[in-house]
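Down below is the structure, laid out as structure tokens.
Chain letters run A, B, ... following the sequence lines, proteins first and then strands; every chain starts at 1.
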Protein chains: 2
Amino acid sequence: MNVMNASPRRKELTRLAAQLFVQEGFDRTTVRMLAQEMGIKSGSLFHHFRDKQEILAAVIEEGTQNALVIARRALDNGPSHPEARLRAMARAHLETLFADRNAHVVALFEWRRLAPDASAHLSHLRDAYEALWLGVIDDALAAGVIQGDRFLVSRFILGALNWTVRWYNPEGPQAPDDLADELVAMIMAGRGDQA
Amino acid sequence: MNVMNASPRRKELTRLAAQLFVQEGFDRTTVRMLAQEMGIKSGSLFHHFRDKQEILAAVIEEGTQNALVIARRALDNGPSHPEARLRAMARAHLETLFADRNAHVVALFEWRRLAPDASAHLSHLRDAYEALWLGVIDDALAAGVIQGDRFLVSRFILGALNWTVRWYNPEGPQAPDDLADELVAMIMAGRGDQA
DNA sequence: GAGGTAACCAAGCAAGCGCTAGTGTGAACG
DNA sequence: CGTTCACACTAGCGCTTGCTTGGTTACCTC
């Protein structure tokens, strides 16, 4: 078994697993299906991962880590005006969501299949990510750019954004950035200044 | 097997199944678990349902039917102003969502486990429901109450509303109607008139 | 060229899965 | 009183599941 999470082989296997988990769902995906997709036999799979659970955890960790990196970069190199930061954050969210779509779909819809210990570890990552959002939302509230309860607003926004994986088609005419801008425009309080 | 969907026994079994499906997920819920929860042996289960798939379909159909009934009632007996109709629709959505919470969580997150024929049948129900939403949204757009693309708006709203099942606690201080009103207030375009 | 190691394979085990077959029982009905 | 029917039971079949075991290969290092 490979202890390092960064082994290139393991990373590739994780990517393939994410794809299958999205296609079939975690429970319906058998170790034999995973092995075949990876071009190995089912027994060999357990050289790379302790058990099936660990594959799921690896997939979700990968996606969540990337989300954190991208969001932090968007805020660090990004604009300072609260409204623009809100837009940058929404854009960053959709950017990761569709760059690592498989991993994020798994994270969103198979989270409950995680064993308790893995879930606890990954919850910290997710909390760190949501903290970034709450910071941006607090600033926007303070500046009067948006209005409402901070938790309600953040959950409505994240709900609307996360739900896009259910209907958004990247081949279509709309770019992810357009979606993000439209959503932010939609929730801007009392300022009829959208395009 | 019971052909009528309205047998009271079958309805009760469907309710119990919904609960288990939410707790464990459809795939992880075995027919033996279902039977035990129902106080019978696993073999007896197939007197009521042809197979496990049919139980899933029954759960989802129940929830979706109720959603349609409640939404239609809210619109028929409801207000005529576009903004008020939007609010009524959002309230109705959350009302069903938490009245039949288990059934709706299953419908939202286990839909893909449906066999193709059951899925086709139930899609019509869901489409009818979404048509109601689009009608209300079109009126609101025409009246200038909200702005944006009709599909984008509807998907953002439904995403935000559906996502509430992930975090909303009915025991908490906030009533579902408050949530609905806050969301509608949030998306009202260029009219700083929320509470 | 000996030793170590990452990667893989063949074979299979124990447990659990959905579902079936055949039977029993008590209430309802003519 | 005999028939029917909804409902439940026992027993188990055939298959798949996640995972283990013991051994093989190819490459790297000193």
Side-chain angles (χ1 to χ4, degrees), chain A residues 1-60 106 110 112-119, chain B residues 1-60 106 110 112-119:
Chain A
M1 218 262 308
N2 210 322
V3 187
M4 281 294 294
N5 204 2
S7 145
R9 179 78 174 129
R10 186 174 151 126
K11 212 160 192 173
E12 171 64 7
L13 297 182
T14 302
R15 205 184 55 80
L16 287 171
Q19 189 189 339
L20 261 181
F21 287 164
V22 169
Q23 261 177 48
E24 308 286 332
F26 175 70
D27 291 320
R28 274 186 141 83
T29 304
T30 69
V31 293
R32 286 164 180 74
M33 293 165 63
L34 287 164
Q36 187 174 23
E37 193 76 10
M38 297 166 177
I40 57 179
K41 300 294 173 181
S42 69
S44 313
L45 219 162
F46 296 91
H47 171 72
H48 300 279
F49 302 92
R50 191 196 320 273
D51 53 25
K52 199 185 162 193
Q53 275 286 330
E54 198 178 87
I55 309 180
L56 177 61
V59 168
I60 294 183
V106 171
E110 309 280 2
R112 300 198 27 236
R113 272 69 187 167
L114 280 173
D117 54 340
S119 171
Chain B
M1 217 261 311
N2 211 322
V3 188
M4 281 296 292
N5 203 3
S7 144
R9 179 80 173 127
R10 185 174 151 126
K11 213 159 192 172
E12 170 66 5
L13 297 183
T14 302
R15 204 185 56 79
L16 287 170
Q19 188 189 339
L20 261 181
F21 287 164
V22 169
Q23 261 175 48
E24 307 287 331
F26 175 70
D27 291 320
R28 275 183 140 84
T29 305
T30 70
V31 293
R32 290 179 234 282
M33 292 165 65
L34 286 164
Q36 187 174 23
E37 193 77 11
M38 297 164 176
I40 57 179
K41 299 295 173 179
S42 71
S44 313
L45 218 164
F46 295 91
H47 172 73
H48 300 278
F49 302 92
R50 189 195 320 273
D51 52 27
K52 199 185 161 193
Q53 274 287 329
E54 198 178 86
I55 309 180
L56 177 61
V59 167
I60 295 184
V106 171
E110 309 279 4
R112 298 194 32 232
R113 272 67 188 169
L114 280 173
D117 53 340
S119 171

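Taking a cutoff of 4.0 Å between a charged side-chain nitrogen and a carboxylate oxygen, Arg9(A) and Glu12(A) do not qualify as a salt bridge.
The backbone N or O of Gln23(B) sits less than 3.5 Å from a side-chain atom of Arg112(A), completing a donor-acceptor pair. No side-chain donor-acceptor contact under 3.5 Å links Ser119(A) to the backbone of Ala115(A). Side chain of Gln36(B) to main chain of Ser42(B): no donor-acceptor pair is present (N/O by atom type, distance under 3.5 Å, no hydrogens or angles).
Phe46(A) places its CZ atom 12 Å from the P atom of dT21(D), with the value rounded to the nearest Å. The distance from atom CZ of Phe49(B) to atom P of dG18(C) is 15 Å, rounded to the nearest whole Å. Protein atom CG of Leu34(B) is 14 Å distant from nucleotide atom P of dA8(D), rounded to whole Å. Rounding to whole angstrom units, CG of residue Leu45(A) and C1' of dA6(C) are separated by 15 Å. Rounded to a whole Å, the NZ atom of Lys11(B) is 19 Å from the C1' atom of dA6(D). Here dC17(C) presents its P atom at 17 Å from CZ of Arg113(B), a figure rounded to the nearest Å. Here the P atom of nucleotide dC19(D) and the CD atom of Glu54(A) are 10 Å apart, to the nearest Å. Following rounding to the nearest Å, Glu12(B) (CD) and dC7(D) (C1') show an atom-to-atom distance of 16 Å.
For dC7(D), one of the phosphate oxygens OP1 or OP2 lies less than 4.0 angstrom from a side-chain nitrogen or oxygen of His47(B). Residue His48(A) has a polar side-chain atom (N or O) positioned under 4.0 Å from OP1 or OP2 of dC8(C). Distances shorter than 4.0 Å separate some side-chain N or O of Arg9(B) from OP1 or OP2 on dA8(D).
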Residues Met33(B), Arg28(B); criterion side-chain contact (heavy atoms from CB on, under 4.5 Å); working and verdict: CA-CA 9 Å; Met33(B) 292 165 65; Arg28(B) 275 183 140 84; over 6 Å; no
CA sep, side-chain torsions, deciding dist, call: Ile55(A), Leu45(A), side-chain contact (heavy atoms from CB on, under 4.5 Å): CA-CA 10 Å; Ile55(A) 309 180; Leu45(A) 219 162; 3.4 Å; yes
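A distance of 8.5 Å separates CD of Glu37(A) from CG of Leu34(A), quoted to the nearest 0.5 Å.
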Nucleotide N/O to protein N/O under 3.5 Å, stretch nucleotides 9-14 of chain D:
from   : atom 1 : to       : atom 2 : distance (Å)
dC9(D) : OP2    : Lys41(B) : N      : 2.5
dC9(D) : OP2    : Ser44(B) : OG     : 3.1

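Listed candidates were dG18(C), dG18(D), dC7(D). Nearest to the side chain of Val31(A) is dG18(D).
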